[in-house]
Amino acid sequence: MLTHLAATLDNWDPKLIDLIAENNHVILLELPGAGASMGNVGESIEKMAEKAITIIKYLGYNKINLLGLSMGGMVAQEIVRADNKLVNKLILAGTAYKGGEGIKNIIPVTFKHIINGLIHRVDPKRYIFYNHNQKGKKDAEIILGRMAARKDEYKDKKMAVKGFIGQLKAIKKWGKSSKDDLSFINIPTLIVNGDKDMMVPTSNSYYMHDKIKGSHLIIYPDSGHGSIFQYAEKFAGDLLEFIKKV
């Protein structure tokens with residue numbers, strides 16, 4: 001499982017991870033330069049994918065199911081492009097394709113939500129991941145509360161500013177690339193998003209579903225970029241069903 005921009009291992013919803021881990025061997029991979037992981041952030045999404053492949057194979061795996069959330073979904077696509085035999089099933093959550101809609105604007109969109117968080121004195125993820133309505137506010141309070149409950153001695157290091165800026169530049173570069181036709185993805189693929197993703201427009205999910213042959217698309221209602229956390233139980237069930245399919 002590969003996570004989003006500026007995230008450390010602490011930014012996975014523990015409820016979701018527990019639900020998935022009931023029936024699966026789960027590895028949450030923190031790439032170099034993020035959190036407590038040593039090294040530098042890859043200067044491009046493709047370089048991040050290369051680093052991920054190296055780590056996965058060093059751990060002894062030659063066939064995996066791969067889930068990527070947001071930036072992690074971008075990296076996941078490049079892993080498949082670089083090594084089409086490594087991934088058995090692919091899950092793309094709240095993400096976009098190379099050259100996708102709105103991705104080149106990642107920097108101003110991100111800082112707009114950060115500023116909004118500072119103004120209201122809340123975690124910016126409240127505005128990045130959850131709808132700007134009462135349901136979104138309630139969901140954010142519950143989910144961010146679960147993430148914050150981890151005891152200090154088990155917490156990851158915070159994302160360094162240098163690494164964060166490096167990730168932003170890599171995503172912007174990826175977004176400014178030519179529009180990908182995704183023809184290289186020919187494995188079972190599950191695409192998931194909320195119906196109102198304000199960070200990575202939901203339209204990207206529909207495009208990926210249209211271009212990836214045989215893919216399955218799930219759009220969760222009244223949810224945003226953090227839909228897999230908002231619908232933790234539903235998504236865990238949908239994921240398990242997808243993985244079990246022959």
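- Here Val122 sits in one hydrophobic cluster together with Tyr127; the rule is ILVMFWY side chains under 4.5 Å apart, joined directly or through other members.
- The CD1 atom of Ile103 sits 8.5 Å away from the CE atom of Met199 when rounded to the nearest 0.5 Å.
- Among residues at least two apart or in separate chains, side chain to side chain donor-acceptor pair (under 3.5 Å) pairs with a member in residues 138-152 are Asp10-Arg150, Asp13-Arg146, Lys135-Asp139, Asp139-Gln230, Asp152-Lys155.
- Leu19 and Ile218 fall into different hydrophobic clusters, defined by Ile, Leu, Val, Met, Phe, Trp and Tyr side-chain heavy atoms under 4.5 Å apart, directly or through other members.
- Put simply, CZ on Phe129 and CG on Asp197 are 9.0 Å apart, with the number rounded to the nearest 0.5 Å.
- Within a 6.0 Å radius of OH in Tyr206, other residues, nucleotides and ligands contribute 12 heavy atoms or fewer.
- When atom types are taken as modelled, the side chain of Asn24 and the backbone of Val26 share no donor-acceptor pair closer than 3.5 angstrom.
- Under the 4.5 Å side-chain heavy-atom criterion for ILVMFWY residues, no single connected hydrophobic cluster contains both Ile115 and Met159.
- Under the 4.5 Å side-chain contact rule for hydrophobic residues, Leu118 and Ile128 share a cluster.
- The shortest side-chain heavy-atom distance between His132 and His113 falls under the 4.5 Å cut-off.
- A donor-acceptor pair under 3.5 Å is formed between the side chain of Glu30 and the backbone N or O of Leu9.
- Leu67 CG to Leu239 CG: the interatomic distance, rounded to the nearest 0.5 Å, is 6.5 Å.
- Between Lys172 and Lys169, the closest side-chain pair of non-hydrogen atoms is not below 4.5 Å.
- Counting heavy atoms from C-beta on, the side chains of Phe164 and Leu5 come closer than 4.5 Å.
- The CD1 atom of Ile228 lies 7.0 Å from the CD1 atom of Ile20; values are rounded to the nearest 0.5 Å.
- Trp12 has its side chain within reach of Leu69: a pair of non-hydrogen atoms, C-beta onward, lies under 4.5 Å apart.
- For the pair Arg126 and Ala140, the tightest heavy-atom approach, listed with the atom from each and the gap, is CG-CB, 3.6 Å.
- Legend: side chain to side chain donor-acceptor pair (under 3.5 Å) pairs involving residues 64-78, not counting sequence neighbours, sorted by first then second residue: Asn65-Asn88, Ser70-His225, Glu78-Arg81, Glu78-Trp174.
- Put simply, the side chain of Asn133 gets close to the backbone of Gly136: a donor and an acceptor are under 3.5 Å apart.
- Using a 4.5 Å heavy-atom cutoff, the side chains of Ile45 and Met71 are in contact.
- The minimum heavy-atom distance linking Ser37 with Pro32 is given by the pair CB-CA, 4.1 Å.
- In Lys85, the NZ atom is not crowded: 12 or fewer heavy atoms of neighbouring residues, nucleotides or ligands sit closer than 6.0 Å.
- In this structure the side chain of Asn23 never reaches within 4.5 angstrom of the side chain of Lys244, judged on heavy atoms.
- With respect to the salt-bridge test (charged N to carboxylate O, under 4.0 angstrom), the residues Glu46 and Lys98 qualify.
- For the residue pair Ala34 and Ala7, the shortest heavy atom distance occurs at CB-O, 4.0 Å.
- Contact check for Phe111 versus Leu168: side-chain heavy atoms found under the 4.5 Å cut-off.
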**Message:** As a quick check of understanding, evaluate side-chain contact (heavy atoms from CB on, under 4.5 Å) for His209 and Asn193, giving each step before the final call.
**Reply:** CA-CA 11 Å; His209 175 50; Asn193 208 340; over 6 Å; no
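- There is a path of hydrophobic side-chain contacts, each under 4.5 Å, that joins Ile107 to Val161.
- Within the cation-pi definition used here (under 6.0 Å to the ring centroid, within 45° of the axis), Lys89 qualifies as a partner of Phe242.
- With rounding to the nearest 0.5 Å, the separation of CD1 in Ile91 from CG in Leu66 is 7.0 Å.
- The aromatic rings of Tyr61 and His25 lie tilted to each other, with the angle between the two planes from 30° to 60°.
- Here Lys158 contributes atom NZ and Asn11 contributes atom CG; the two are 9.0 Å apart, rounded to the nearest 0.5 Å.
- Counting all heavy atoms, side chain and backbone alike, Thr8 lies closest to Thr3 at O-CG2, 4.5 Å.
- When every heavy atom of Phe229 is checked against every heavy atom of Met147, the shortest pair comes out as CE1-CE, 3.7 Å.
- Although no hydrogens or angles enter the test, the distance criterion places a donor-acceptor pair under 3.5 Å between the side chain of Thr202 and the main chain of Gly194.
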Exercise. Please test Leu182 against Phe184 for side-chain contact (heavy atoms from CB on, under 4.5 Å), starting from the C-alpha separation and ending with a verdict.
Key: CA-CA 5 Å; Leu182 301 172; Phe184 64 94; 4.2 Å; yes
TODO: Report the C-alpha distance between Asp238 and Tyr220 in whole Å, list the side-chain angles of each, state the deciding distance to 0.1 Å, and finish with yes or no for side-chain contact (heavy atoms from CB on, under 4.5 Å).
DONE: CA-CA 11 Å; Asp238 291 336; Tyr220 295 114; 2.7 Å; yes
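- Grouping the Ile, Leu, Val, Met, Phe, Trp and Tyr side chains by contacts below 4.5 angstrom, directly or via other members, places Ile64 with Ile79.
- Counting heavy atoms from C-beta on, the side chains of Asn116 and Lys112 never come closer than 4.5 Å.
- For Ser44 against Ala170, the heavy-atom pair with the smallest separation is CA-CB, 3.8 Å.
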Stepwise, does the side-chain contact (heavy atoms from CB on, under 4.5 Å) test hold for Ile17 with Met1? CA-CA 10 Å; Ile17 300 306; Met1 295 176 69; 3.7 Å; yes
